[in-house]
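Here's the structure we're looking at; comments come further down.
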Amino acid sequence: MSDKEITLEGSIEAVIYSNAENGYAICDMASSDDDIITIVGTMPFVSEGDSVCVSGKWVHNHKYGRQFSVSVYEKRMPADTASMLRYLASRTIKGIGPKTAQKIIEKFGEDAFDVIENHPQWLTEIKGISKKIAEAASEDFKQQTGMRSAMLFFRDYFGAALTVKIYKKWGSRAVDIAKKNPYKLCNEIDGIGFEKADAMAQKLGFEGDNLDRVMSGIDYILSSYAAQSGHVCIARGELVKNSAELLSISEQRADEGISELLRQGVLKYRLFDGVQMIYSKYFYDAEKYVASKLYLLDKLCAAVSLPDIDRFVEMEENKNAIAYAALQKQAIADALRYGVMILTGGPGTGKTTVVRALINIFESMDFKVALCAPTGRAAKRLSESTSRNAKTIHRLLEMGYDDSGHAEFGRNEHEHLDENVIIVDEASMVDIILMDALTKAIKPGARLIFIGDSDQLPSVGAGNVLHDLIDSGRFATVRLNEIFRQAQKSLIITNAHRINTGEMPLLDVKDNDFFFMRRQSDREIAVTIVELCRTRLPRAYGEMGRIGLQIICPSRKGEIGTEHLNRILQDALNPPDATKREHPFKDVVFREGDKVMQTRNNYDIEWSRESDGKSGSGIFNGDIGVIEKINPEYKSMVIIFDDRRTIYDMTELDDIEHAYAVTVHKSQGSEYPIVLIPLGNAPQMLLTRNLFYTAVTRAQNMVILVGSEEVAKRMVENDRQSLRYTGLAKILASSESEEK
């Protein structure tokens, strides 16, 4: 099919499918030469009888053949009485059907639309039309004509789907609001960033140093650009400089914008060591609340006496026929004595053993214990290791969505969790916003216990919470550092600890669980990875070598980045086949049999399980599945995650990506039987010790490194930690956290 966009005109003969939420529709259209064609795309309020002008491309659907994919849609209002009658008779307008439409046209003729929109009371002169029906019809008509005006205005700036969002937000005022201040769009409409709003403003003639532009740009730098780098705040001088460069304005004008945002309360600041650190209000409030609530939890907790602690530890040792190490005993004691406690340590150091003991002890005290983790896979691992139910933090907090599609939590400062003890695993992955939500939901007097490996990568979201809690020195912290005898047999664990302490991993040991394959170029690495995945590992290890394998990459880009590896591995492991249906989406093609990953928590997707007949909802960030079936006729896709069968609407594919290879960041909180790590060219900022350490610790049974020994050496030696500007540690260390 041609990539060239063309424009067609015609009338809608039938609406086959329509989604009122996002405007997506499938229609049969009679073109100007009387051919009936199928058009698909975002076409809000489309109805039978509409005269439309659509731009787009011809595409081929596996089942339905040739279709026209719409990128730009314009609804043209009927101009003659015959067309107007057909439009009204199609039940497009609430309360008006074929018979009523005939009466309206007979009475008002070509003025019918003007009467409906501007003089609805005149409609009551027609028998069968009450005042209520007339007003509802008028409102519905105005909404549709308003959407038409919005589509015409915004089509030069945004796609149809975003226009639907804008119109839903502001209705008939949308165009006027955007013209007056286009920067409101990036502040209030999901999917419209500063760049898009700025491009629109420039076309509308806004000056580069317009104060609305300056303030919106500064807010963008703080809430998006800085937050994506993990920063919660930024020094004022640095913010001034960055803003001036990004917006091409003077530093004086940038500083004026910051002052105005501070005056309005949109931004906040704190003084740390004489430096003014600027926050968005969102992050400022979150840090302040987390600090004060953690102090309160630690202060209000009722400590267990030392003799009782000794008795509990002895009971657990006798019951399990084990002897806890000194630091494990200290961790148990601190968790029983303090309201907030942190347990950190690498693999094989016995963190899970401590968690099991704490659960047993707290349950013997009739305490209700909640186990949670930031991701679904981490929660599942926690359940398996403790034989207790564990949830994602979002699920524990009963997350849902408000009418605007924003997340909200059923458990919060007004509706606390019932549990007396909250244990959070993989705590290094928790960002400041999630910590804010969690602490709000914990009742005063309850215990909060963090379990994690502080040497792993920090959270993807803004903040460095686990590090900040440890660095503050405010809470009881135990770092387990002894590798237990059973774990010492594993070269994975031995090498992980060697990497973490700045030593080269042992690369030439044979007949163990850690292997190194020397390859010099990225091309050789990529070829070897394909060979391993396609033939060598499945042949040697059977099902585990086929399904249990995960490639984990430092980078998305380059010949050994996830984007390229996913393309060549899809071709090698799941090539095109006449029996497999496909669905093109953006710059990838999803195919039946593909390995895919969910990239954000979605609590609304329903699943069913054939093994036990159970059903539920929720697929989480990091969950990996396989596309079982693509249904073009229903615009849906069936994906199996472990043994959970789900159905995805095609509009939800932004949350799905191929997962033959994933980044180290995406692998956090997960474990895989076999981990394969390419070691080649990547940005220096990604070739770090903690990234290498995190990748290796994702493996359960085997690690295979493919690449250069020199790259491994550079990663081990590069102890560069990503600098994150946060204030939580300083607030906790000061008296401010004690404020109520």
To the nearest 0.5 Å, what is the distance between [atom1] on [X] and [atom2] on [Y]?
X	Y	atom1	atom2	value
I342	S472	CD1	OG	6.5 Å
H665	T562	NE2	OG1	12.5 Å
C372	D425	SG	CG	9.0 Å
C186	D219	SG	CG	7.5 Å
F283	H231	CZ	NE2	11.5 Å
L448	K293	CG	NZ	9.5 Å

Has [X] got a side-chain atom pairing as donor or acceptor with [Y]'s backbone, closer than 3.5 angstrom?
X	Y	result
S555	K557	yes
R556	E563	no
K184	I177	no
S383	R388	yes
Q550	A659	yes
Q668	L457	yes
E657	M597	no
H497	P347	yes
R447	L336	yes
D298	G339	yes

_Reference residue F475; test side chain to side chain contact (heavy atoms under 4.5 Å, CB included); the match among I470, L732, L297_ = L732
*Decide side chain to side chain donor-acceptor pair (under 3.5 Å) for N690 and D455; before the verdict, give the C-alpha distance in whole Å, the side-chain angles of both, and the deciding distance to 0.1 Å.*
CA-CA 6 Å; N690 66 341; D455 293 316; over 6 Å; no
Can you find a heavy atom in the side chain of [X] that is under 4.5 Å from one in the side chain of [Y]?
X	Y	result
T344	V478	no
L434	L438	no
Y693	M715	no
S428	H467	no
E363	K368	no
I432	T726	no
V664	I677	no
V232	Y725	no

When you measure from the centre of the six-membered ring of [Y], is the NZ or CZ of [X] closer than 6.0 Å and no more than 45° off the axis?
X	Y	result
R236	Y269	no
K440	F409	no
K730	F272	yes

Atom [atom1] of [X] with >12 non-hydrogen neighbours under 6.0 angstrom:
X	atom1	value
Q252	CD	no
K443	NZ	yes
Q264	CD	yes
M365	CE	yes

*asked:* If you apply the rule side chain to side chain contact (heavy atoms under 4.5 Å, CB included), what do you find for M429 with V460, and how did you get there?
replied: CA-CA 7 Å; M429 299 176 64; V460 174; over 6 Å; no
Does [X] come within less than 4.0 Å of [Y], counting only side-chain N to carboxylate O?
X	Y	answer
E419	R411	no
D209	R213	no
R714	E717	no
K241	E251	no
D212	K180	no
E384	R381	no
R698	E671	no
D623	K380	no

Distance-minimising heavy-atom pair for [X] and [Y]:
X	Y	answer
R474	S734	NH1-O, 3.4 Å
R337	L306	CD-CD2, 3.9 Å
E415	G410	CB-O, 3.5 Å
A291	I731	CB-CG2, 3.6 Å
C233	G727	SG-N, 4.4 Å
A695	V675	O-CG1, 4.0 Å

*asked:* Run the side chain to side chain donor-acceptor pair (under 3.5 Å) test on Y289 and E413 for me, step by step, so that the C-alpha distance in whole Å, both residues' side-chain angles and the decisive distance to 0.1 Å come before the verdict.
replied: CA-CA 11 Å; Y289 184 87; E413 62 267 50; over 6 Å; no
*Measure the acute angle between the ring planes of Y183 and F206, then classify it against the limits of 30° and 60° as parallel, tilted or perpendicular.*
perpendicular
_Would L261 and I278 count as a side chain to side chain contact (heavy atoms under 4.5 Å, CB included) here? Give the steps._
CA-CA 10 Å; L261 287 166; I278 306 296; over 6 Å; no
*Under the side chain to side chain donor-acceptor pair (under 3.5 Å) criterion, do Y279 and D285 qualify, and how do the steps go?*
CA-CA 9 Å; Y279 289 78; D285 290 344; over 6 Å; no
_Using side chain to side chain donor-acceptor pair (under 3.5 Å), reason through S454 and R479 one step at a time and then give a plain yes or no._
CA-CA 9 Å; S454 60; R479 179 182 290 274; 3.0 Å; yes
_Apply side chain to side chain contact (heavy atoms under 4.5 Å, CB included) to residues V290 and K288 and explain how you reach the verdict._
CA-CA 6 Å; V290 168; K288 182 177 181 180; over 6 Å; no
*Decide yes or no on side chain to side chain contact (heavy atoms under 4.5 Å, CB included) for I422 and V424, but give the supporting numbers first.*
CA-CA 6 Å; I422 315 296; V424 183; 4.2 Å; yes
